[in-house]
Amino acid sequence: MEQLRQWWDGLAARERRTLSLGGIALGIILFYFLVYQPIHARSEQLERDLQAQQELAAYLRQAQQELQQLGGMAAEPVQGNGSDQALFALADQSARQAGLGQVLRRVEPSGQGGARVNFERIAFDDLVRWLATLSEQHNVTATVVTLRTGELEGRVDAQLVLEVAD
């Protein structure tokens, strides 16, 4: 440390001033690139993520309202269905026919003739169409719907309890 002080004292005043200003400039540059810029970039990314999440939440609220409206419409039972098929089997078959086999994770019996259905990363619009088809063609409604947003925009993880409407 003493050698550094001797070296500094050996410099001319103009050289000391130049080195001091250079050190201050280097400190400012390092602060900008190592502290400010990464924090600012992360802040902007978080703002974009928040905006995307808010848009998804608004979309899901709108879709929830549509689901509630669809649930409020009385569906006519299909005449001549002639199927004694269990509801969980019907749910599995209709989901696969609708092209949802890739995202269908589990179908199991639930309660008195009901069915519990789980989807992963299903397109929300496809889920609504499938539920509308079940309601219109088979008089089946979702009595419990649990949705979680996923990593992909417009896709959700869904857990449903289906029952034949009275």
Side-chain angles (χ1 to χ4, degrees), residues 27-166:
I28 291 171
I29 290 169
L30 288 175
F31 173 79
Y32 177 79
F33 284 107
L34 296 177
V35 177
Y36 177 78
Q37 198 273 335
I39 290 173
H40 185 69
R42 180 68 178 145
S43 172
E44 288 178 344
Q45 179 62 42
L46 289 173
E47 286 178 17
R48 286 191 298 272
D49 291 348
L50 176 63
Q51 179 66 28
Q53 292 296 324
Q54 288 173 338
E55 289 173 4
L56 180 59
Y59 175 77
L60 289 176
R61 278 191 294 274
Q62 177 187 1
Q64 180 184 16
Q65 290 173 352
E66 290 176 17
L67 272 176
Q68 289 172 347
Q69 289 172 353
L70 287 174
M73 295 188 300
E76 293 295 320
V78 177
Q79 299 297 322
N81 189 9
S83 174
D84 292 332
Q85 186 176 28
L87 182 56
F88 71 91
L90 172 68
D92 183 70
Q93 179 184 7
S94 66
R96 292 183 192 285
Q97 286 175 348
L100 304 176
Q102 295 292 328
V103 293
L104 181 63
R105 292 297 167 247
R106 186 179 324 136
V107 180
E108 57 190 24
S110 172
Q112 294 288 333
R116 181 168 290 134
V117 183
N118 291 337
F119 292 100
E120 284 183 8
R121 293 183 294 255
I122 185 171
F124 185 78
D125 293 343
D126 293 344
L127 176 65
V128 172
R129 276 192 286 280
W130 178 69
L131 287 171
T133 300
L134 281 178
S135 178
E136 293 167 2
Q137 294 181 1
H138 303 286
N139 201 29
V140 173
T141 60
T143 57
V144 177
V145 177
T146 304
L147 300 174
R148 280 188 296 279
T149 58
E151 297 171 2
L152 301 173
E153 187 173 329
R155 296 198 172 261
V156 296
D157 293 340
Q159 297 170 339
L160 311 164
V161 176
L162 303 176
E163 294 180 0
V164 176
D166 294 329

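Note that these values count all heavy atoms, side chains included, but never hydrogens, waters or copies made by symmetry. None of the values given here were measured: they were computed from a predicted structure.
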Legend entry - side chain to side chain contact (heavy atoms under 4.5 Å, CB included) evaluation trace for W130 with L127: CA-CA 5 Å; W130 178 69; L127 176 65; 4.1 Å; yes
Inset, instruction - Please round to the nearest 0.5 Å and tell me the distance separating atom CG of L56 and atom OG1 of T149. - result: 5.5 Å
Inset, instruction - Answer with yes or no whether the side chains of R61 and Q64 bring together a donor and an acceptor at under 3.5 Å. - result: no
Inset, instruction - Test V156 against R148 for side chain to side chain contact (heavy atoms under 4.5 Å, CB included), laying out the working first. - result: CA-CA 5 Å; V156 296; R148 280 188 296 279; over 6 Å; no
Inset, instruction - Any chance you could measure R155, atom CZ, to D125, atom CG, to the nearest 0.5 Å? - result: 10.0 Å
Legend entry - Any donor-acceptor N or O pair under 3.5 Å, side chains E47, Q51: no
Inset, instruction - Quick one: do D126 and V103 satisfy side chain to side chain contact (heavy atoms under 4.5 Å, CB included)? Show the steps, please. - result: CA-CA 11 Å; D126 293 344; V103 293; over 6 Å; no
Inset, instruction - Scan side-chain atoms only and decide if D49 and Q45 contain a donor-acceptor pair under the 3.5 Å cut-off. - result: yes
Inset, instruction - Could you tell me whether the side chain of S135 and the main chain of L131 form a donor-acceptor pair under 3.5 Å? - result: no
Inset, instruction - Quick one: pull up CG in L160 and CZ in R116 and give me the separation to the nearest 0.5 Å. - result: 10.5 Å
Legend entry - Atom CD of E108 with >12 non-hydrogen neighbours under 6.0 angstrom: yes
Legend entry - Reported CD-to-CZ distance for the pair Q53 and R48, which is rounded to 0.5 angstrom: 14.0 Å
Legend entry - Atom of L87, atom of L162 and distance for their closest heavy-atom approach: CD2-O, 3.3 Å
Inset, instruction - Measure the CG-CD distance between D157 and E151 for me, rounded to the nearest 0.5 Å. - result: 9.5 Å
Legend entry - Criterion side chain to side chain contact (heavy atoms under 4.5 Å, CB included) on F124 and L147, from CA distance to verdict: CA-CA 9 Å; F124 185 78; L147 300 174; 3.4 Å; yes
Legend entry - Heavy-atom side-chain contact between L134 and S94 under 4.5 Å: yes
Legend entry - Note: R96-D92 ion pair, threshold 4.0 Å (strictly below): yes
Legend entry - Separation between CZ of F88 and CZ of R106, rounded to the nearest 0.5 Å: 14.0 Å
Legend entry - Atom CD of Q102: over 12 foreign heavy atoms under 6.0 Å: no
